[in-house]
Structures are given as structure tokens and as C-alpha cells.
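The chain is numbered in sequence order, starting from 1. Atoms considered below: every heavy atom in the structure, side chains included; atoms not considered: hydrogens, waters and symmetry mates.
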Amino acid sequence: MSGEPSLGLEVHQNKFLAEGDRAMTAIVRVVSRGGEASAATSAAEVLMIDCSSSMRFPSTKIGEARRAAAAAIDVLSDGVRFAVIQGTDRAKTIYPAEDGLVTASDRTRAEARAAVEHLAAVGGTAMGAWLAKARDLFDGVPDAVRHAILLTDGRNDSQTRAELMTVLNSCEGRFVCDARGIGDGWEPAELTQIGRVLRGNVDSVVEDDKLAEDFRQLVESAMTKVLPEVRLRVGTMPFSRLRSIKQVFPDEYDLTDRCREVGVREQELSLGSFASDETRDYQLILDLDPDLEPSHGQDRQLAWTELVPVPGAAVEEDALAIAGRWTRDPIPPTLVHPMVSKYAAQADLGEALSSGGDAYAAGDRAGAERDWGRAVALATAAGDEETLSRLSGVVEIVDAGKGLVRLRPDATRSHVLHVVIPSRVSEIALPQEDRPMPDGTPVACTACPALSPAGANFCVGCGRPFGEAVS
């Protein structure tokens, strides 16, 4: 594996439409091949460790955070630029001593390990300040593959949601950030928003002593990245509109509101950094004009997609069409493309996990058992051992095939968060299916006086998702 990496693009869909169908779903696969991370590949890593007062309880929490930071430092390759941030109600670079990034070597790794041993838990939580500090540090290496890890055990109580969203928007496309929640006091919506906007992986750690190995794996994975940023462009026809675009593999994110217009009926989306051999899938749903005259017996182009050229990489395909062909015959379920069907089932599983978490939080034990039972049945049918393992922390399985479960009396909020967090990233952006097609009318927020662009998922003023009840 050497030389210049290449990027490939595939479109998977069932192009047949029945009479009256006015939506098309396609899976767009992006594949990177070849190349290797080496001394020639500039890389940068920033660790953000929550050192708020709540990290003192239990006392093992801050200790495991120190151990995890040291484990991450240990696997940094020589030549990688890095820094460690102590996060409270402000952000302080504890290594190196001066603001900036330092080059990894035996000496600097040893110094950094010594520095993290002095991490102390005192203060509040302002994740936006930590992210802004990481952004500023990364600005010194604009051409590097930039990756960060954020660890927290609490809520962003020292900032408003609008302040956090403002920082996130300023960081998008500039680095990738994986986020981890530890303990039972953190807020899933905050971490999933960070992961979604910064295209990172989001998860929880139930057992504190597993944190170090998790950090080690995150950094080792980051060291395989060879392309700092890949961008996907989607173009539509005068009679079609992009309803939604969602990453469905390996992590699930609704990214519709992260697209930006780059031309007439053209939108562009940052996909984050890519490793030397990596595959990601994206689900696109198109809405078609109700007055569009069906074309029988021939394909009609409904949209197109292409990869934006990347410096240092070859793009294998030109733009690919997303097509449609109407038929007067009923379309049997067997014609549904297997990839489309697979990700539809994955969405159903995510909904069941999330609904069970909502019911549990509301004290509805019967509802939680019903929803998580459905999740058990879906995960069993899909052979999803990872989800079944997570569910085992909150339910005892009576009959997996029938979805019969009992809530575990010893389940903690940490176990519940571990179940619902995989489903929250795609849910944080409200479903596009329930929205009218944009007509250019600004969207009014119920919580503040700001007006947002048509089709926006979040208020540009306060950051509140549209449709969220005002408390």
C-alpha cells in the first residue's frame, strides 16, 4: 500500500418508480483506496479532557481520564503535532506549556504523560471554549490531517447552547472530533451535536477502566487517515430537490442542514478525513415535482453526484447519475435494493432504541420494555451483536425473536445512555420527511426573535432545533 490514494464513488438504487411515486432513495458509497499514513502525511492531534468539579466523583473518574490521555499520547507516531487541553469553564493548554502544537517524539511524549498526571478536577464545563482552543491550535497546521478527542462527564453548563453552536459552526471542516461521555451526568444531545457537526464518532463509556483502551484505539485509527477532507457534491434537476442526506455507515448522521449551496441546484457536503482504505455510505432522498410527467420505458436523470477533487488524491469516477424509470406494473418488494432495505431497517432499529430511552426517562417502564423489545427483535434479525450487547445492560431477554424483555433492576443511567447514544446522532437533525419543500420563506423561531433560512433545521440565533418544545 503506497503511492497516491484514490477516491471512488458508487450509486446504489432501485431506479424503478410506480405511478404516483414522487420520491427516490439512493445510497451513495465513497471509497478511499491506497496511499499510506507516513512521515510525509502531516497529522495533528488534540486531546480535550474534562476537568470540571464533577470529575472528582467517583475519585476513579479523573484518574482514569489521566490514564486514558497517557494511553493516547503513547500511540502518537513520531512527527505528529499534538497538544493536551484541560477543559473547565475555560480552556487551558497543559502541554505544551505555551499555546501551540509540539512534535511527537520520545521526549515530548514523556513530558506530556508527566503533564497529564497533574490534571485536577475543579471548575465548570464550557465545551465550546475547548473546541475553540482546539480550532485555534489546528489553524497552525492547515494542511494536516487534524483529529481531536473530547471527553466529558457533564453538561455544557458554563455556556449557552447558541454559544456552543456558534463555535461548532466555526470548526466544521477544520478538524474531526470524536466525543466520549463518561459517567451518568452528561447530555447526549450535546455530544451528538459535536460529533455530527465535526463528523466524529460519539459513544459512552460505562466502565471507567475501559476508557484508556478506547482512547488508544481512537488515536490509532486517526493515525491511519491520509486525506484531511473529502467533499461530496450533489446536483438536482429543475424538477427534483434534495430532501435529506444522511451518513448511514459507519456512523449514522443526518447531515441535511450541513450542506451548503455552491451553485444553481448544487450543494456540497464535507465528509471529514479519510483513511487509506475506508468506505462510507450516504443515503440520499430526493423529492420530485408533483407535476412531473412520468417517463415510461427509459431512464430519466433525477440528480447527480460527484467527489470534489482532492489535492494529493486521484478521483476515479466522473459525476454519477441518480436515475428514475416509471413503470405501470406494481413494484414487488424484492426489487427494493438490498442496501436501501438494509439502511431502512437500521433506521427502524435506531428509532426503537431512542423511543425506549425516552420512555424509560419518562418513567414508562411498559413503554421502555415494548420499544427495547422491538429493538432486540430487530437486532437479532440483523445479527447485530453490538446492539444486543448494549441492550443487555438495560433489559433481560426473555424471547429475542418475539421481542419479549424485562427491564433490569440494576440498570443505571450510564447503561441507558450507552443504549440510546448510537441512535441520537441521526435523530438530532429533525426528520426531513415532515417538512414542506423549501419555498424561500424564512423560518421563525418560537424561542427567540431570529429568522433562519428556509429549510433550516436549527435556529441561527439560539441554536434550538426547530420543533423542540420551549421549556
Side-chain angles (χ1 to χ4, degrees), residues 58 60-61 64-65 67-68 71 151-153 178-192 195 200-218 221 248-253 342-428:
T60 55
K61 199 185 296 181
E64 292 299 338
R67 197 165 71 89
L151 172 71
T152 186
D153 78 326
D178 295 325
R180 288 293 182 268
I182 187 172
D184 59 9
W186 52 278
E187 175 53 54
E190 292 171 350
L191 286 200
T192 54
N201 174 266
V202 181
D203 211 341
S204 67
V205 179
V206 177
E207 300 174 42
D208 294 355
D209 60 358
K210 300 294 177 62
L211 186 62
E213 180 58 28
D214 186 46
F215 266 45
R216 183 181 295 110
Q217 291 177 2
L218 289 175
S221 176
V248 288
F249 177 83
D251 299 296
E252 191 174 347
Y253 307 108
K342 169 189 173 182
Y343 290 124
Q346 179 177 292
D348 289 342
L349 174 58
E351 180 184 359
L353 294 171
S354 181
S355 297
D358 291 341
Y360 188 90
D364 181 4
R365 296 178 62 84
E369 289 182 340
R370 179 185 65 250
D371 291 327
W372 280 338
R374 182 163 65 95
V376 165
L378 291 169
T380 299
D384 188 344
E385 296 297 331
E386 167 67 18
T387 296
L388 289 172
S389 174
R390 290 174 184 258
L391 283 163
S392 68
V394 294
V395 297
E396 298 170 348
I397 299 175
V398 178
D399 188 321
K402 294 181 179 178
L404 299 178
V405 301
R406 286 191 298 265
L407 288 178
R408 296 181 62 96
D410 57 345
T412 66
R413 187 170 186 267
S414 292
H415 289 104
V416 175
L417 292 172
H418 198 54
V419 167
V420 303
I421 195 67
S423 67
R424 291 295 187 189
V425 179
S426 61
E427 186 188 65
I428 201 78

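- Using a 4.5 Å cut-off on side-chain heavy atoms (C-beta onward), D209 and R67 make contact.
- The closest side-chain heavy-atom distance from V405 to V398 is not below 4.5 Å.
- For the pair Y360 and L407, the minimum side-chain heavy-atom distance is below 4.5 Å.
- Using modelled atom types, no side-chain atom of E396 and backbone atom of R406 make a donor-acceptor pair closer than 3.5 Å.
- Using a 4.5 Å cut-off on side-chain heavy atoms (C-beta onward), R408 and V394 make no contact.
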Do V202 and D251 pass the side-chain contact (heavy atoms from CB on, under 4.5 Å) test, and can you show the C-alpha distance, the side-chain angles, and the key distance before you say yes or no? CA-CA 9 Å; V202 181; D251 299 296; over 6 Å; no
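- You'll find the side chain of L417 reaches within 4.5 Å of the side chain of P188, heavy atoms only.
- Atoms CH2 and CG, on W186 and L191 in that order, are 5.5 Å from each other to the nearest 0.5 Å.
- Considering every non-hydrogen atom in both G183 and S414, the closest pair reads O-OG, 2.9 Å.
- Atoms CD1 and OG1, on I182 and T60 in that order, are 7.5 Å from each other to the nearest 0.5 Å.
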Sequence neighbours left out, cut at 3.5 Å: what donor-acceptor pairs do the side chains of residues 210-217 make with other protein atoms?
unit_1, atom_1, unit_2, atom_2, d
K210, NZ, E207, OE1, 3.4
E213, OE1, R216, NH1, 2.4
E213, OE2, Q217, NE2, 3.0
D214, OD2, R180, NE, 2.5

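- Distance CG/D371 to CG/D358: 8.5 Å, rounded to 0.5 Å.
- If you take OG on S389 and NE2 on H418, they are separated by 6.5 Å, rounding to the nearest 0.5 Å.
- Open room surrounds CZ on R365; 12 or fewer heavy atoms of other groups in view lie less than 6.0 Å from it.
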Report the C-alpha distance between H415 and V206 in whole Å, list the side-chain angles of each, state the deciding distance to 0.1 Å, and finish with yes or no for side-chain contact (heavy atoms from CB on, under 4.5 Å). CA-CA 6 Å; H415 289 104; V206 177; 3.8 Å; yes
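- Nearest heavy atom pair, residue A400 against residue V376, reads CA-CG1, 3.8 Å.
- Between T412 and D184, the closest side-chain pair of non-hydrogen atoms is not below 4.5 Å.
- Taking CD1 of I421 as the start and OG1 of T192 as the end, the distance is 5.5 Å to the nearest 0.5 Å.
- Among all heavy-atom pairs drawn from A368 and G356, the shortest one is CB-O, 3.7 Å.
- Using a 4.5 Å heavy-atom threshold, the side chains of L378 and R374 count as touching.
- A377 approaches G401 most closely through the heavy-atom pair CB-O, 3.9 Å.
- No side-chain donor-acceptor contact under 3.5 Å links N201 to the backbone of D178.
- Side chains of L353 and V420 form no contact here, defined as non-hydrogen atoms less than 4.5 Å apart.
- Using a 4.0 Å cut-off between a side-chain N of Lys or Arg and a carboxylate O of Asp or Glu, R390 and D203 qualify as a salt bridge.
- If you take CD on E64 and CG on D153, they are separated by 13.5 Å, rounding to the nearest 0.5 Å.
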